[in-house]
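The block underneath contains the structure these notes are about, expressed in structure tokens.
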Amino acid sequence: SRFSEAYDFAESDAQAARARFYLGYTDYLEGNLREALEAFGEVELERGDRDYDTWVLTRAQALVETFAYEEGIAVLSPYIENADPAPENARTALILRGVAYDGLGRTPEARADLTAAREAAPDGERAQMIRRLLAEL
């Protein structure tokens, strides 16, 4: 409710966008995916913004979780290809996009993204998860 109130009393577009971002992020954390996507859809953060990565990845996660695979891919592709994300964020984006491609039955694209994510970090818990996803393709 505080983020809704902050949005209502925002004195600039930047303040309103920040409040909507936090409202969407809070909705996501509470499991309210539709509300989160609605709030995120009203936000346009720039690449240099401190919350940009969280905005893109959380929005994409919510889209994939609600089976909006095409929209998820549309959010993730420019991020992967143009945003130069940190390695861990790039890996997360590749996994999400791979899952979205798989959901659309686009197995070659899914395999390519998941393989790239696995190669970026071949060991650890995430690598095991990626191997399981690849085995299911």
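Quick caveat, the model's predicted, so the values are computed rather than measured.
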What are the two closest heavy atoms between Ala121 and Arg91, and how far apart are they? CB-NH1, 2.7 Å
So, taking the atom named CG in Leu23 and the one named CZ in Arg20, what distance separates them when rounded to the nearest 0.5 Å? 5.0 Å
Ion pair check, Glu88 and Arg126, cut-off under 4.0 Å: yes
Can you classify the ring geometry of Phe21 versus Tyr25 as parallel (below 30°), tilted (30 to 60°) or perpendicular (above 60°)? parallel
Treating Arg97 as the side-chain partner and Ile80 as the backbone partner, does any N or O pair qualify as donor plus acceptor under 3.5 Å? no
Hey, could you give me the CG/OG1 distance between Asp27 and Thr58, rounded to the nearest 0.5 Å? 12.0 Å
Hey, which of Leu45, Asp51, Leu96, Val75 is the one that makes side-chain contact (heavy atoms from CB on, under 4.5 Å) with Val56? Val75
Neighbour count above 12 (heavy atom, 6.0 Å) for Glu81 CD: yes
Quick one: do Asp84 and Arg47 satisfy side chain to side chain contact (heavy atoms under 4.5 Å, CB included)? Show the steps, please. CA-CA 9 Å; Asp84 193 29; Arg47 187 167 71 157; 4.2 Å; yes
Can you tell me how far apart CD (Glu35) and OG1 (Thr26) are? Round to the nearest 0.5 Å. 12.5 Å
Atom CG of Leu37 and atom CD of Glu71: how far apart are they, to the nearest 0.5 Å? 8.0 Å
Contact summary for Ala36 and Gly24, nearest pair of heavy atoms: CB-O, 3.3 Å
Heavy-atom closest contact (Ala110 atom, Tyr101 atom, distance): N-CB, 3.6 Å
Trace of the side chain to side chain contact (heavy atoms under 4.5 Å, CB included) decision for Glu109 with Asp113: CA-CA 6 Å; Glu109 293 97 333; Asp113 277 355; 5.8 Å; no
Heavy-atom closest pair (Arg59 atom, Gly41 atom, distance to 0.1 Å) is NH2-CA, 4.5 Å
Here the pair of heavy atoms bringing Tyr28 nearest to Gln61 is OH-CG, 2.8 Å
Given side chains that start at C-beta, do those of Glu38 and Arg34 come closer than 4.5 Å, heavy atoms only? no
Less than 3.5 Å apart, any donor N or O on the side chain of Asp102 or Tyr69 sitting next to an acceptor on the other? no
Does the Thr115 side chain pair with the main chain of Ala112, one donor and one acceptor, at a distance under 3.5 Å? no
Could you grab the distance from atom CG of Leu104 to atom CZ of Phe67, nearest 0.5 Å is fine? 12.0 Å
Drop me the distance from Glu44's CD to Trp55's CH2, to the nearest 0.5 angstrom. 4.5 Å
